[in-house]
Structures are given as structure tokens and as C-alpha cells.
Amino acid sequence: EVKSGPDNPLGDFALKLNVDGGYLLHGTNKKYGIGMMVSHGCVRLRNEDIKLIYYNSYIGTKVKIINAPIESTNKPFVGKEDQPIISNTL
């Protein structure tokens, strides 16, 4: 077990997906590989993004993984005032 902190490769937050293999949505202590297929099936996110998802999701939230390239940005997603930041159909 790796304790939380700067040496933890999962970052400060990790959400377990209910699928075979124990996949996670998690942060990281290394910027390399964020959003890329470099781990064992987990989805590595920027720490500020997984923190946002962690605090705005609930147990049983449906997650949809889409295997497609996306345009990258260095800024976290911020919704408009009249739109939720996180939808229930992630």
C-alpha cells in the first residue's frame, strides 16, 4: 500500500470503476501519460480534474469511456453558470 502524498503514483484521488480488472480513474504524480493509453487500463487524469470529479460524483454514477483522440488543453473544464460541471452520464 502506498500512502497518499507526493510519492503516490495515483495522486490524491482514485475512483474505482465497477468493471472486471479493477480499473480506476485517478490522478498522478507524473504528468507524462495523462489522457494516454500508457497504464494498465486505468484513466490517468490531471489532479485538479480527478478532484473535481471526485467531489461532484456519487456511488453508482455511470461512466462512459470513449476510445477516441481529443484536443488537449492545460486548463481544467469549467462549466457555464447554467450548466452542470459534471453530468450523470460521464
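Reckoned from all heavy atoms, side chains included, excluding hydrogens, waters and symmetry mates. FYI, the numbering just counts along the sequence from 1.
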Engineer: Parallel, tilted or perpendicular: which fits the ring planes of Phe13 and Tyr54, with parallel below 30° and perpendicular above 60°?
Structural biologist: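 Aromatic pair Phe13/Tyr54 classed tilted.
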Engineer: Using only atom types and a distance under 3.5 Å, with no angle test, would you say the side chain of Asn56 pairs donor to acceptor with the backbone of Leu52?
Structural biologist: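 Answer holds: yes.
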Engineer: Are the side chains of Asn47 and Asp49 in touch, meaning some heavy atoms are under 4.5 Å apart?
Structural biologist: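 Not touching, per the 4.5 Å side-chain cut-off.
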Engineer: Could you give the distance from CD1 (Ile50) to NE2 (His26), rounded to the nearest 0.5 Å?
Structural biologist: 8.5 Å
Engineer: Could you pull out the closest heavy-atom pair between Gly27 and Arg44, with the gap in Å?
Structural biologist: O-CG, 4.3 Å
Engineer: Quick one: name the residues clustered hydrophobically with Leu24, using the 4.5 Å side-chain heavy-atom rule over I, L, V, M, F, W, Y, and just say none if it's on its own.
Structural biologist: Leu10
Engineer: Rounded to the nearest 0.5 Å, what's the gap from CD1 on Ile59 to CG on Asn18? Could you check?
Structural biologist: 11.0 Å
Engineer: If you define the side chain from C-beta out and look only at heavy atoms, does anything of Asn29 sit under 4.5 Å from Asn8?
Structural biologist: no
Engineer: Going by side-chain heavy atoms closer than 4.5 Å, which hydrophobic residues are tied to Ile34, directly or by a chain of links?
Structural biologist: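 Other cluster members: none.
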Engineer: Are any side-chain N or O atoms of Thr61 and backbone N or O atoms of Ser57, one a donor and one an acceptor, separated by less than 3.5 Å?
Structural biologist: no
Engineer: Check ring-ring contact (aromatic ring centres under 6.0 Å, His included) between Tyr23 and all other residues, then give those that pass, not counting sequence neighbours.
Structural biologist: none
Engineer: Let me confirm one number: the CG-CG distance from Leu25 to Leu17, rounded to the nearest 0.5 Å.
Structural biologist: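 Those atoms lie 4.5 Å apart.
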